[in-house]
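Please read the structure below before turning to the comments.
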Amino acid sequence: MQGVSDREAEWAALMRAALGGDRAAYRDLLVALTPVLRAAARQGCLRFGLGVAEAEDVVQETLLALHLKRQTWDSSQPIGPWLRAIARNKLVDALRRRGRRGTEVDIDAFSEVLAAPVPEDSGIRRDVAKHLQALAPGQRSVVQAIAVDGASIREAAQRLTMTEGAVRVALHRGLATLALRLRSSET
Amino acid sequence: MKTDDLIHAIAEDAAPTGLHPQRSLALALAGAVTAVAILFWLLLGPRGNALASLAEPRFVLKFLVTLGLVAAAIGLVQRLIRPGAAVGIWRSALLLAPGLLLIGIAGELVTVPSGSWMTVLIGTNSRLCLTFIPLMGLAPLGLILLALRSGAPTRPALTGAVAGLIAGGISAAFYASHCPDDSPLFVATWYVLAIALLAGLGALLGRRLLRW
């Protein structure tokens, strides 16, 4: 069995590569983190009477926050405490927004992967989907082309007849706007 | 949107963007000191005997206290904007400035006759002190808070308050070279009040501006 510290060392290595612009490493990291984040989010949500769909929203918010705040990780430090603090913060945020008292949330069990049963269906009630519709048209078409249709930056640029630079900017701003809207929404 | 789709979009956005939090804080601090220096020279300027006063322990103590506060608060805020970072010794370092001030007060109480304690505490310049330290600290507070937005403080109000301590400390250090009141009793009363105003304002603003 792989120990927690081995796993976190691996995540840290992937994140270092990602911070240098390595997209493949970044994707590997996000894919590896998601089930762990999902287990923690579900545990937290269940404790406060929220369901699996809400937990998935928390997972998506956490992924966005990790992404937009990735420069706040000090790459000379272990990555675990940083990840846990962000996941906890987003969970507490989500619980507060839904009127749950989130101050007593304890997700220290985060480190143990729970066997996460069948994850997502793309339910239309998801916050992220809702807020995607509210993005400015330029940002929305780029985020949609890349996220929903699975295009790369280059493909999206060709499809939307934009420069790759413009697609990059629109994608980044779109993700940041999405995170902002999620944070300020009163679901 | 499916989580896998979101992951794909995020991974495509891997190219580094924006200023590193550390660097934006450094820029903000440089801007803050410049802004206060200009305002200070326009509005007040150092007192005539400022250079000669450097031989006076009570005069020097004002700078040790204010700059000690600035240094500790900068160290602390850099930890506060990193999720999960250990605050370590920086919380205790914040006690350095009050500690120095207490030593100064002890010295003052020994050397100044008790009948004059209130006189030196009230001083001659308390109103100016209460006006100019907060006033000159406003621009630094704004700049520092803006820079901290690139961080991710899990405690936004506290982080904003510490930003207020930095801004207040910088402002007070400049003001100290103007103010004729050198008594640690004066500093402990009016400087502390003025800096606390900025810290309170920082906490209020931080709660709004530093969420992420």
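All chains are named by letter (A, B, ...) in the order of the sequence lines, taking the proteins before the strands, and each is independently numbered beginning at 1. Please read these numbers as outputs of a predicted model, since none were measured by experiment. Excluded from the calculations below are hydrogen atoms, water molecules and symmetry mates; all remaining heavy atoms, backbone and side chain alike, are included.
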Does any backbone or side-chain atom of L175(A) lie under 4.5 Å from a heavy atom of chain B? Answer side chain, backbone, both or neither. side chain

Short question: side chain of H8(B), backbone of V148(A) - any donor-acceptor pair under 3.5 Å? no

How far apart are the C-alpha atoms of Y26(A) and D13(B), what are their side-chain angles, what is the distance that settles it, and do they pass the side-chain contact (heavy atoms from CB on, under 4.5 Å) test? CA-CA 10 Å; Y26(A) 200 21; D13(B) 190 32; over 6 Å; no

In terms of heavy-atom pairs under 4.5 Å with chain B, which of G21(A), A18(A), A65(A), S152(A) leads? S152(A)

Quick check for you: to the nearest 0.5 Å, what is the distance between T72(A) atom OG1 and Q78(B) atom CD? 13.0 Å

We want to know whether T3(B) and E56(A) form a side-chain donor-acceptor pair, criterion being a heavy-atom distance below 3.5 angstrom. yes

Interatomic distance, NE2@H67(A) vs CD1@I7(B), rounded to 0.5 Å, equals 12.5 Å

With a cut-off of 6.0 Å (strictly less than), are more than 12 heavy atoms of other residues, nucleotides or ligands near CZ of R16(A)? yes

dist L6(B):CG -> I146(A):CD1 (nearest 0.5 Å) comes out at 12.0 Å

Would you find a donor on one side and an acceptor on the other, under 3.5 Å apart, between the side chain of R23(A) and the backbone of E12(B)? no

Atom CZ of R140(A): over 12 foreign heavy atoms under 6.0 Å: yes

Sort out for me which of G84(B), A86(B), A11(B), A152(B) touches chain A most, counting heavy-atom pairs under 4.5 Å. A11(B)

Give a yes or no on whether R173(A) atom CZ has more than 12 heavy-atom contacts from other residues, nucleotides or ligands under 6.0 Å away. no

About how many Å separate OG1 of T34(A) and CG of D4(B), when rounded to the nearest 0.5 Å? 7.5 Å

How about R88(A) and T154(B): do any of their side-chain heavy atoms sit closer than 4.5 Å? no

With a 4.5 angstrom heavy-atom cut-off, could you sort out which part of D149(A) is near chain B: side chain, backbone, both or neither? neither

Contact class of N89(A) relative to chain B, heavy atoms under 4.5 angstrom: side chain

Does atom CZ of R155(B) have more than 12 heavy-atom neighbours from other groups under 6.0 Å away? no

Heavy atoms of other groups near R159(A) CZ, more than 12 under 6.0 Å: yes

How many angstroms lie between atom CD1 of I86(A) and atom CZ of R82(B), to the nearest 0.5 angstrom? 11.5 Å

First locate atom NZ of K69(A), then atom CD1 of I81(B), and finally report the distance between them rounded to the nearest 0.5 Å. 9.0 Å

Heavy-atom distances under 4.5 Å only: say whether A145(A) touches chain B with side chain, backbone, both or neither. neither

Counting only non-hydrogen atoms closer than 4.5 Å, does R23(B) touch chain A with its backbone (N, CA, C, O), its side chain (CB onward), both, or neither? neither

